[in-house]
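Only heavy atoms go into these numbers, but all of them, side chains included; no hydrogens, no water, no symmetry mates. In the text below, chain A, chain B and the rest are named by the order of the sequence lines, each starting its count at 1. Please read these numbers as outputs of a predicted model, since none were measured by experiment.
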Number of protein chains: 2
Amino acid sequence: MLFKLAVDCIILAYDPGDNQLKVLLVQRENEPAKGQWALPGGFVDEPEDFAVTAARKLRQETGVTVPYLEQVRAYALTDPTVGQRLASVSYYALLEWAHYAPAADRTHLAQWFALPHVPALPFDHARKVQDAWQRVQEAARNRPVPFYLLPPKFPLNQLQRFYEALYQAPLDNRNFRKWVKGLPYVEALAELETNVSHRPSQLYQFKASAYAAFGQATRLTPY
Amino acid sequence: MLFKLAVDCIILAYDPGDNQLKVLLVQRENEPAKGQWALPGGFVDEPEDFAVTAARKLRQETGVTVPYLEQVRAYALTDPTVGQRLASVSYYALLEWAHYAPAADRTHLAQWFALPHVPALPFDHARKVQDAWQRVQEAARNRPVPFYLLPPKFPLNQLQRFYEALYQAPLDNRNFRKWVKGLPYVEALAELETNVSHRPSQLYQFKASAYAAFGQATRLTPY
DNA sequence: CAAATAAGCGTAGTTAATACGCAAACTTAG
DNA sequence: CTAAGTTTGCGTATTAACTACGCTTATTTG
């Protein structure tokens with residue numbers, strides 16, 4: 001029994017503009033579900049690892065160049081309109097907001113949607129978004145997920161807002177910054193925010209080397 | 001591009017005899033790697049969900065009837081001896097030791113191997129075992145994994161040994177039992193162990209209803 | 001009956017986590 | 001140029017979680 005294999009990408013980015021975690025959806029160009037918002041992806045048509053295929057589809061459809069990509073899981077597609085046996089493997093991608101540059105020559109639309117508010121999606125894409133989101137939440141407990149989603153320099157408040165968006169729960173700013181200050185891999189810079197309508201914040205950055213050294217020993221998730 | 005799809009099962013059980021977490025391997029009946037120990041599994045040949053296929057293969061090859069089954073992930077098989085495009089989806093199964101009854105009519109051998117000491121495995125099976133084990137370790141932080149692996153009645157020491165085997169780390173018996181006593185879903189029975197060469201332990205059991213009520217609120221992993 | 005083994009109860013100390021109060025710095029509105 | 005609004009940023013006090021041990025008790029085996 002033979003299968004057509006598809007990859008689906010759940011592309012996530014954190015918008016520092018409105019402090020929301022967002023997922024990138026594209027408007028489908030072909031039937032089924034033509035014209036609807038759906039996850040970017042496509043059939044595996046080259047003899048390569050799924051992750052490679054996912055990265056390529058992603059680049060073609062959205063102009064995003066291979067960021068942090070990790071598999072979520074495989075799904076047996078149970079779409080009744082498809083006669084052929086079909087399976088799909090989904091990947092989540094973590095992308096820095098500023099790095100997104102829509103492909104110029106591409107004909108279909110792509111649009112960001114803030115995370116709890118995705119539109120109705122065809123097939124099992126809604127479930128895939130949920131699964132991916134949950135997987136990222138779990139990953140953030142073992143890996144420095146914000147490294148991939150925040151800009152190189154950021155104020156502490158931005159990091160806090162990111163965690164609040166990821167876990168959909170408010171954090172106490174004082175306890176939060178106490179926690180961050182204890183992290184060896186978050187480094188304060190001698191630089192301030194500008195053009196903000198309040199007291200400007202000091203900027204911080206991630207230090208990958210410090211993370212490699214003792215990051216694993218510290219808690220990766222805030223209070 | 002079409003794929004043959006295989007499922008692989010990582011069947012795990014906890015042997016109360018020697019307090020070890022073990023994985024069930026079968027001796028391959030067909031080429032490639034005929035005669036070698038490998039994960040049970042096979043090609044998906046029915047239009048059904050992979051989990052269903054996995055449960056069926058598992059029953060046929062090892063006599064194990066569908067226990068707790070969960071997907072680990074999908075792999076693009078990069079075996080050079082296979083001309084055709086091949087992918088596989090692996091599942092881990094949690095099985096109570098006493099429930100394993102080898103299928104009588106089956107021709108190939110199955111054997112348990114204690115977890116860090118699996119033999120050399122063909123294809124990418126060694127990696128699959130590792131991935132599955134890690135996934136179970138993570139799952140145990142969110143789900144009552146020991147429910148599925150321990151006998152209905154057990155002494156506390158057995159639960160402790162299980163966790164030690166799962167995480168490959170020793171636990172302090174006094175702190176461990178303090179922790180367990182705080183769990184609402186582990187219930188003491190008015191019953192003692194017999195025929196042990198030391199002071200007999202009180203027996204305990206899991207209470208699924210109590211777990212459903214407040215299990216999620218408590219820490220699921222010992223100290 | 002002594003030795004071995006694990007059960008089982010305890011206490012003390014340390015660190016992690018929670019819950020707040022409040023002053024300081026900057027922008028904008030009037 | 002002052003007041004209001006907003007966020008930064010440093011603090012303290014309390015509680016709960018975690019760690020590290022000491023020691024007694026019950027049973028089987030030699």
Side-chain angles (χ1 to χ4, degrees), chain A residues 16-20 140-142 150-151 153-165 167 169-184 186-205 214-223, chain B residues 15-20 140-141 150-151 153-165 167 169-184 186-205 214-223:
Chain A
D18 57 6
N19 294 314
Q20 293 199 284
R141 302 185 192 281
N142 306 306
L150 290 198
K153 298 175 180 181
F154 54 88
L156 285 191
N157 195 35
Q158 203 165 98
L159 184 58
Q160 180 182 334
R161 300 289 175 203
F162 161 71
Y163 278 112
E164 292 178 331
Y167 294 112
L171 292 170
D172 181 276
N173 82 75
R174 295 153 294 187
N175 292 333
F176 178 80
R177 66 176 39 237
K178 235 184 304 178
W179 169 68
V180 176
K181 298 239 159 140
L183 299 178
V186 179
E187 194 176 39
L189 297 170
E191 200 171 336
L192 296 181
E193 262 184 321
T194 50
N195 283 337
V196 285
S197 69
H198 58 262
R199 174 174 173 178
S201 166
Q202 198 175 359
L203 293 178
Y204 289 76
Q205 70 182 2
F214 12 72
Q216 309 288 2
T218 63
R219 187 185 223 266
L220 289 182
T221 234
Y223 302 121
Chain B
D15 183 352
D18 56 5
N19 294 313
Q20 293 200 286
R141 301 184 194 281
L150 290 198
K153 298 175 181 180
F154 55 88
L156 284 191
N157 195 36
Q158 203 164 100
L159 184 59
Q160 181 182 335
R161 300 289 174 203
F162 162 72
Y163 278 112
E164 292 178 330
Y167 293 112
L171 294 170
D172 181 276
N173 82 75
R174 296 153 294 190
N175 292 332
F176 178 80
R177 65 174 42 235
K178 234 184 305 179
W179 170 67
V180 176
K181 298 236 159 144
L183 299 178
V186 179
E187 194 177 40
L189 297 170
E191 200 172 336
L192 296 181
E193 262 184 323
T194 50
N195 283 336
V196 286
S197 69
H198 57 263
R199 174 174 173 178
S201 165
Q202 198 175 357
L203 293 177
Y204 289 76
Q205 70 182 2
F214 12 72
Q216 310 287 3
T218 64
R219 188 186 222 265
L220 288 183
T221 234
Y223 302 119

- Spacing between L171(A) atom CG and dA19(C) atom P, to the nearest angstrom: 12 Å
- Message: In the structure I gave you, are the side-chain heavy atoms of L150(A) and F162(A) within less than 4.5 Å of one another anywhere?
- Response: yes
- Task: Please work out whether the ring planes of Y167(A) and Y163(A) are parallel, tilted or perpendicular, with thresholds of 30° and 60°.
- Result: parallel
- E164(B) side chain to L171(B) backbone, donor-acceptor under 3.5 Å: yes
- Task: Using a 4.5 Å cut-off on heavy atoms from C-beta on, say whether the side chain of S201(A) contacts that of L192(A).
- Result: no
- Between Q158(B), E191(B), E193(B), which is the residue that forms a side chain to side chain donor-acceptor pair (under 3.5 Å) with K153(B)? E191(B)
- Item | Where protein sits on nucleotides 2-11 of chain C, one letter per nucleotide: B base, S sugar-phosphate only, - none, heavy atoms under 4.0 Å | ---BSBBBBB
- Query: Taking CZ from F176(B) and P from dT19(D), how many angstroms apart are they, rounded to a whole number?
  - Reply: 14 Å
